[in-house]
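Chain letters run A, B, ... following the sequence lines, proteins first and then strands; every chain starts at 1. FYI, side chains are in, hydrogens and waters are out, and symmetry mates aren't considered; it's all heavy atoms of this structure.
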2 protein chains.
Amino acid sequence: MTDRPYHHGRLRVVLLAEAERTLREQGIEGLSLRDLARQAGVSHAAPRRHFADRQALLNALAEAGFARLADEVCAAIDGAGEDYQARLRAVATAYVHFATRDAALLELMFAAKNAGPPDAVRDASERLFTAFGDLIVQGQKAGTLPPGDPGRLGLLLVATMQGIAALVTSGRAPAGQVDALITDAVALFTRSQR
Amino acid sequence: MTDRPYHHGRLRVVLLAEAERTLREQGIEGLSLRDLARQAGVSHAAPRRHFADRQALLNALAEAGFARLADEVCAAIDGAGEDYQARLRAVATAYVHFATRDAALLELMFAAKNAGPPDAVRDASERLFTAFGDLIVQGQKAGTLPPGDPGRLGLLLVATMQGIAALVTSGRAPAGQVDALITDAVALFTRSQR
DNA sequence: ACCTGAACACCGTTCAAGT
DNA sequence: ACCTGAACACCGTTCAAGT
């Protein structure tokens, strides 16, 4: 390394990357602004220029988390072929895998601070939820999903995946059963209509 | 008040009660051992006799939480009459209401610390899960629920409720829609077999 | 057996001052 | 525009000592 200049230059992005790693390894409790500053080689007050307080850092992490989750879910849909059940299973698998690999991040993404999440986080989550909405509408048109308010059915689908992830993360459901649970859940949603 | 004696006498139970209240009002972040000690009128080191560290207090809260949730769920089953859908809806309603009223407590109950929860917490949660298991078996015998491993179906049911609660708590699902979501979920599970 | 008081090593947050 | 260093008010945890 050359001599570290007075101006770090990319402090914000470094802090975020380091925070994401710490979050994965130590959980949300182990995340400290002072520690992040130390790891980045700046004074403990430096992060303040980029994140007004600890919560602002957490919000930025949540925002990035939603963006990445939406990417992964959309990629799963795109790569799943035409069969609707397979598409649904691919989405659920992507979601639950994200949730178990980055459990602390997901917790943070869905943490309700005060009166709902700030706008930036909300906007980032929007893309994910509309992807789900589209998938639901598509399934209803094909007659594979039951009729009814697609928004509500989408929420129910997200809730199911969120719940499966919560049970696995907390050790109440064996990790080896997650695929079976997803299959069961998909079967529940797509049971033949008439 | 009479002069506070040197020995508090019921410090443990007072700390737990105060902690549960703080948890509801301030969330898990706002829970401090030193603050609890202050509110109980003892020195900051006094709680240490009853809870080895902060995590031990959280575990005790989780344990009590599971006991209360099991009580409320069992009471809901008992008071719901004979109709199976009504029983299922009553259970789901009781669960989700608990989850939204004591969101921070539920989060704590399902927090995965290290390699799964300690035995005491696990035991306390057992009663809840067996109550669910029994309800599932009953529904399968009556032909109201789909066949298959009742343990897995029970997990899926818990996951669904847990997920609905998470979405409502985080403000992603409107609170006014919780009853509709529960009804949808119950309908999904009990869709007529053949 | 239970509680106190001082001590230690951490936090987040603030703010004048430096570059 | 960005960072530093000192300061403040908090934490959890430990431990000798008190009752």
**Student:** For A:Asp53, enumerate each residue passing the salt bridge (charged side-chain N to carboxylate O under 4.0 Å, His left out) test, keeping only those at least two apart in sequence or located in another chain.
**Tutor:**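 Per chain and number, A:Asp53 pairs via salt bridge (charged side-chain N to carboxylate O under 4.0 Å, His left out) with no residue.
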**Student:** Mind checking salt bridge (charged side-chain N to carboxylate O under 4.0 Å, His left out) for A:Asp35 and listing every partner two or more places apart, or none if nothing turns up?
**Tutor:**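 Residues passing salt bridge (charged side-chain N to carboxylate O under 4.0 Å, His left out) with A:Asp35: A:Arg38.
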**Student:** Residues two or more places apart in sequence or in another chain: which of them pass side-chain contact (heavy atoms from CB on, under 4.5 Å) with A:Ala64?
**Tutor:**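 Listed in chain order: nothing, the list is empty.
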**Student:** Only pairs at least two apart or in different chains count here, so list each side chain to side chain donor-acceptor pair (under 3.5 Å) that has a residue in residues 179-188 of chain A.
**Tutor:**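 Qualifying pairs, neighbours excluded: A:Asp184-B:Arg152.
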**Student:** Using the ring pair (Phe, Tyr, Trp, His ring centres under 6.0 Å) rule, collect all pairs that involve residues 145-173 of chain A, keeping only residues at least two apart or in two chains.
**Tutor:**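 As it turns out, there is no ring pair (Phe, Tyr, Trp, His ring centres under 6.0 Å) pair with a partner in residues 145-173 of chain A once direct neighbours are skipped.
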**Student:** Taking salt bridge (charged side-chain N to carboxylate O under 4.0 Å, His left out) as the test, write out the residues that go with A:Glu82, two or more places apart.
**Tutor:**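 A:Glu82: no salt bridge (charged side-chain N to carboxylate O under 4.0 Å, His left out) contacts found.
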**Student:** Test: side chain to side chain donor-acceptor pair (under 3.5 Å). Region: residues 62-80 of chain B. Which pairs qualify, not counting sequence neighbours?
**Tutor:**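 Only B:Glu20-B:Arg68, B:Arg68-B:Glu72, B:Arg68-B:Asp102, B:Asp71-B:Arg127 qualify under side chain to side chain donor-acceptor pair (under 3.5 Å).
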**Student:** Let me know the distance between CZ of B:Arg10 and C1' of C:dA1, rounded to the nearest Å.
**Tutor:**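 Taking atom C1' of C:dA1 as the reference, CZ of B:Arg10 is at 18 Å.
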**Student:** According to the ring pair (Phe, Tyr, Trp, His ring centres under 6.0 Å) rule, which pairs have a member within residues 28-52 of chain B, sequence neighbours left out?
**Tutor:**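 Non-adjacent pairs meeting ring pair (Phe, Tyr, Trp, His ring centres under 6.0 Å): zero.
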**Student:** Between A:Phe110 and A:Phe66, what is the ring plane arrangement, given parallel below 30°, perpendicular above 60°, and tilted in between?
**Tutor:**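 The rings of A:Phe110 and A:Phe66 stand perpendicular, inter-plane angle above 60°.
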**Student:** B:Arg12: what forms a salt bridge (charged side-chain N to carboxylate O under 4.0 Å, His left out) with it, not counting sequence neighbours?
**Tutor:**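 Not a single residue meets the salt bridge (charged side-chain N to carboxylate O under 4.0 Å, His left out) criterion with B:Arg12.
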**Student:** Counting a pair only when it is Watson-Crick or G-U and both distances are under 3.5 Å, which runs of at least 3 such pairs involve DNA chain C?
**Tutor:**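 Stems found: C:4-8 with D:12-16, C:12-16 with D:4-8.
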**Student:** Can you check each nucleotide of nucleotides 11-16 of chain C against protein heavy atoms at under 4.0 Å and return B for base, S for sugar-phosphate only, - for none, in 5' to 3' order?
**Tutor:** SBBBB-
**Student:** Quickly work out the B:Leu36 CG to D:dC10 C1' distance and round it to whole Å.
**Tutor:**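 Atom CG in B:Leu36 sits about 15 Å away from atom C1' in D:dC10.
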**Student:** Rounded to whole Å, how long is the line connecting atom NE2 of B:His50 with atom P of C:dC2?
**Tutor:**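 Nearest whole value for this atom pair: 6 Å.
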**Student:** Can you tell me the distance, in whole Å, between the CG atom of A:Leu15 and the P atom of D:dC3?
**Tutor:**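 It works out to 9 Å between those atoms.
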**Student:** Would you jot down, in residue-number order, the residues of residues 19-28 of chain B having a non-hydrogen atom under 4.0 Å from DNA chain D?
**Tutor:**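 Heavy-atom cutoff 4.0 Å gives no residues at all.
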